[in-house]
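Computation of the quantities below employed the complete heavy-atom set of this structure, encompassing side-chain atoms and omitting hydrogens, waters and symmetry-equivalent molecules.
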Amino acid sequence: MTRIIAGAAGSLSLAVPRSGTRPTSDRVREAIFSALEARDAIDGSVVLDLYAGSGALGLESASRGAVEVVLVERAKPAADVCRRNADAVTRAIGRGAARIRVVVKPVAAYLETAPAGVDLAFIDPPYDLDEAAVARDLALLAPLLNAEALVVVERSARSPEPAWPSGIELERRRDYGETTLWWATTADPAADEPAADALAAAEPAADEPVA
């Protein structure tokens, strides 16, 4: 089991698929969402959670004020878990809950026909997914992003930097043990220095424990 960390559904337990997924640790999720809250990047946002697994990243966003969340997961058992978790989060939030959809498709197939207007995207594929597939996903995602959208890619610390397509620019890298987070944006980095400073100040250092 894992849980929603904060927001309207804070402390709600979430189910995790029995196999085939690698849930993001509580420590890493806390780091991600501390940084996103510092940037005011969640409230009112449209969120994609790609390779959703249990849906924890997208559902955490829903708990914290996202207006629309799409959980994309090709494996039916995991997608069924996403649906149950989404229903539980919707009930916990009650009135004003985000619109949450679960899409049972491969990520690339979904992105090929998905609508534009994404503010925040999480990409947390299996660590053994090859780099060409990650690059393909990023290239398909790029035209769907709003200006100043954020992309958070979670990979093994042993994986190389993703190949960023035109329209997505690397902002920073953070390491948490065996996990690396790559933060990227559609904004011009020179025009977004205050936001980058807020991210650096809010995100716990890789060698520091998260409260």
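Here the closest heavy-atom approach between residue Ala157 and residue Arg173 is recorded as O-NH2, 3.7 Å. Among all heavy-atom pairs drawn from Val81 and Ser54, the shortest one is CG1-CA, 4.4 Å. Nearest heavy-atom pair across Ala184 and Ile168 is CB-CG2, 3.6 Å. The two atoms that bring Pro165 and Ala142 nearest to each other are CG-CB, 4.1 Å, heavy atoms only. Minimum heavy-atom separation, Ala41 to Leu150: CB-CD1, 3.7 Å. Among all heavy-atom pairs drawn from Ala52 and Leu71, the shortest one is CB-CB, 3.9 Å.
The shortest distance between side-chain heavy atoms of Tyr51 and Glu154 does not fall below 4.5 Å. Taking the side chain as every heavy atom from C-beta outward, Leu57 and Thr24 approach each other to under 4.5 Å. Side-chain contact check for Glu131 versus Pro160: some heavy-atom pair is nearer than 4.5 Å. The shortest side-chain heavy-atom distance between Leu138 and Ile123 falls under the 4.5 Å cut-off. Using a 4.5 Å heavy-atom cutoff, the side chains of Val134 and Leu129 are in contact. A heavy-atom distance below 4.5 Å is not found between the side chains of Trp164 and Glu169.
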Exercise. For side-chain contact (heavy atoms from CB on, under 4.5 Å), just list the numbers for Val151 and Phe122, CA-CA rounded to whole Å, side-chain angles, deciding distance to a tenth of an Å, and then say yes or no.
Key: CA-CA 6 Å; Val151 178; Phe122 300 105; over 6 Å; no
Quiz prompt | Intermediate values then yes/no, side-chain contact (heavy atoms from CB on, under 4.5 Å), Trp183 and Val153 | solution = CA-CA 7 Å; Trp183 291 80; Val153 181; over 6 Å; no
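Distance alone, capped at 3.5 Å, places no donor-acceptor pair between the Thr2 side chain and the Leu14 backbone. Between the side chain of Arg29 and the main chain of Arg3, a donor-acceptor pair closer than 3.5 Å is present. Of the possible polar contacts, one joining the Asp130 side chain to the Ala133 backbone as a donor-acceptor pair under 3.5 Å is found. Of the possible polar contacts, none joining the Asp119 side chain to the Ala149 backbone as a donor-acceptor pair under 3.5 Å is found. One N or O on the side chain of Ser63 and one on the backbone of Ala9 form a donor-acceptor pair closer than 3.5 Å. Looking at Thr179, its side chain never comes within 3.5 Å of a backbone N or O of Ser156 through a donor-acceptor pair. Counting only distance, with no hydrogens or angles, the side chain of Asn85 and the backbone of Ala15 share a donor-acceptor pair below 3.5 Å.
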Using distance only, find each side-chain donor-acceptor pair of residues 89-115 under 3.5 Å and give its atom names and separation, not counting sequence neighbours.
from, atom 1, to, atom 2, distance (Å)
Thr90, OG1, Ala86, O, 2.9
Arg99, NH1, Glu68, OE2, 3.3

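Atom CZ of residue Arg155 and atom OH of residue Tyr127 lie 8.5 Å apart, to the nearest 0.5 angstrom. To the nearest 0.5 Å, atom CZ of residue Arg174 and atom CG of residue Leu181 are 9.0 Å apart.
Salt bridge annotation for Glu171-Arg39: present, with a cationic side-chain nitrogen under 4.0 angstrom from a carboxylate oxygen.
Residues Leu141 and Val46 do not share a hydrophobic cluster, defined by chaining ILVMFWY side chains whose heavy atoms lie under 4.5 Å apart.
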